[in-house]
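Reading through the structure tokens given below for one structure.
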Amino acid sequence: MTAQHWTPADIPPLDGRTALITGANSGIGYRTAQVLAQHGARVLLAGRNPESLAKAAARLRADIPGVRLETVELDLGDLAAIRDAAAPIAAGETLDILVNNAGVMDVPERRTTRDGLELTVGTNHLGHFALTAHLMPALTRSAAARIVTVSAIAAGWRSGDLTDLMSERRYRPMSAYAKSKRANIVFTRELARRLDGSAHRAVAVHPGSAVTNLQRHTAAGRTGRLFVALAARTLMGSADGAAWPSLFAATHPEAVSGAFIGPAGRDQTSGTPRPVPLPAGADSPDLGAWLWRESERLTGVTFRIPGFADRTSAS
């Protein structure tokens, strides 16, 4: 089965495996959780709003008789909350699939997380960096864990350069988003290097274009909302199709560690998943090692991988 002909119907049985998906209460995250559960996985729905999580869990229980699921209250903009949410899972669970899916986009003015980090990069990259670090004991208990991090086409924009990571010199909403999405890829590539020689895989994906709750943060006002409405009819796909790259990366043997997976359709906006080119410079070992160190410094989280030497790609 090649990526050219793949659909989620080709996912093998996932009985006995546990998956955690961030932002799982709606959109791409919900659809990812739904499909994994339909194929037998136990799913942990992670999200910030407990009411939304409860509604999502109720929908899944109604849709999939006998589904095994739990909810995890998780605020990616609060490092203490991330640590506390991950602690019971890291203490004794085996986690086979982690999908770092949640995110914010186009925040109109520069805002910060509870810990003083720029909100977009702080949530989309640093929050997931800290979460993945805290969950590594559970992930390394798996025989072959998959760590899937959802990036975006915006990762390739020139404005996504990782200098001024916290946008302290200049803040532009979509530049901050592009930085966060490039950081997702650079982090994934560095994690893949550090996992080299193991059966564990770190894979980055982009979903193409889809209208989801991510657009609720748009800074462009009425004009922006009209653009999104028009794009929904012409360019953007559904959250269903946009979940395919995440699902492929989480389950398919051809999703190798360090790969970047996106839709195969025109302009990578929709279609069956396939490996796509990395943004220029995103594979630099020097950049990967720098971002890892900077992420540890900004979050205060020391990211170690149990069972592996403390290796860096550019030491």
Side-chain angles (χ1 to χ4, degrees), residues 19-23 28-29 32 76 95-103 120-121 123-136 139-140 142 144-157 160-162 165 177-207 245-252 254-263 268 273-296 298-299 301 303-305 308 311-314:
L20 186 150
I21 304 96
T22 68
I28 296 170
T32 302
L76 288 166
L95 190 60
D96 302 286
I97 299 169
L98 170 63
V99 183
N100 291 321
N101 164 82
T120 305
V121 173
T123 301
N124 297 357
H125 165 59
L126 293 171
H128 282 124
F129 176 90
L131 177 66
T132 306
H134 288 308
L135 290 175
M136 280 310 299
L139 288 160
T140 52
S142 172
R146 301 279 184 108
I147 301 163
V148 179
T149 300
V150 180
S151 181
I153 292 174
W157 298 352
D161 183 88
L162 297 184
L165 187 63
Y177 179 68
K179 289 179 187 181
S180 74
K181 296 292 101 178
R182 185 182 292 257
N184 288 153
I185 297 174
V186 174
F187 161 62
T188 297
R189 293 290 293 180
E190 180 64 15
L191 180 57
R193 282 188 281 266
R194 294 178 183 230
L195 291 170
D196 187 41
S198 77
H200 307 305
R201 306 186 194 188
V203 184
V205 307
H206 81 76
S246 295
L247 292 164
F248 181 90
T251 63
H252 200 284
E254 291 180 11
V256 299
S257 193
F260 186 33
I261 305 295
Q268 297 182 29
R274 69 175 182 191
V276 296
L278 290 162
D283 193 31
S284 163
D286 289 334
L287 181 62
W290 171 84
L291 181 63
W292 195 280
R293 292 192 303 269
E294 188 68 358
S295 300
E296 288 188 323
L298 289 166
T299 62
V301 175
F303 195 139
R304 297 291 181 263
I305 302 172
F308 292 81
R311 40 182 153 159
T312 65
S313 58

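Note that the structure is predicted; figures quoted are calculated from it, not measured.
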Can you confirm whether [X] sits close enough to [Y] that some side-chain heavy atom of one is under 4.5 Å from a side-chain heavy atom of the other?
{"X": "Pro279", "Y": "Trp157", "result": "no"}
{"X": "Val205", "Y": "Ser151", "result": "no"}
{"X": "Leu20", "Y": "Ile97", "result": "no"}

To the nearest 0.5 Å, what is the distance between [atom1] ([X]) and [atom2] ([Y])?
{"X": "Leu98", "Y": "Ile21", "atom1": "CG", "atom2": "CD1", "value": "9.0 Å"}
{"X": "Trp290", "Y": "Glu190", "atom1": "CH2", "atom2": "CD", "value": "12.5 Å"}
{"X": "Asn124", "Y": "Thr149", "atom1": "CG", "atom2": "OG1", "value": "11.0 Å"}
{"X": "Thr123", "Y": "His128", "atom1": "OG1", "atom2": "NE2", "value": "9.0 Å"}
{"X": "Thr299", "Y": "Glu294", "atom1": "OG1", "atom2": "CD", "value": "10.0 Å"}
{"X": "Thr251", "Y": "Arg146", "atom1": "OG1", "atom2": "CZ", "value": "6.5 Å"}

Checking [X] side chain against [Y] main chain: does a donor-acceptor pair fall under 3.5 Å?
{"X": "Ser284", "Y": "Gly281", "answer": "no"}
{"X": "Lys181", "Y": "Gly160", "answer": "no"}
{"X": "His200", "Y": "Ala145", "answer": "yes"}

Non-hydrogen atoms of [X] and [Y] that approach each other most closely:
{"X": "Pro263", "Y": "Val276", "value": "O-CG1, 4.4 Å"}
{"X": "Ala133", "Y": "Phe303", "value": "CB-CD1, 3.3 Å"}
{"X": "Ser257", "Y": "Val203", "value": "CA-CG2, 4.5 Å"}

Under the salt bridge (Lys or Arg N to Asp or Glu O under 4.0 Å) rule, collect the residues that match up with Arg189, sequence neighbours excluded. Asp283
Charged tip of Arg194 within 45° of Trp292 ring normal and under 6.0 Å: yes
Under 4.0 Å between a Lys/Arg side-chain N and an Asp/Glu carboxylate O for Arg293 and Glu296? no
With under 30° as parallel and over 60° as perpendicular, where do the rings of Phe129 and His125 fit, or are they tilted in between?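 Phe129 and His125: tilted rings.
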What I want to check is whether the side chains of Asn100 and Thr22 have a donor and an acceptor closer together than 3.5 Å. no
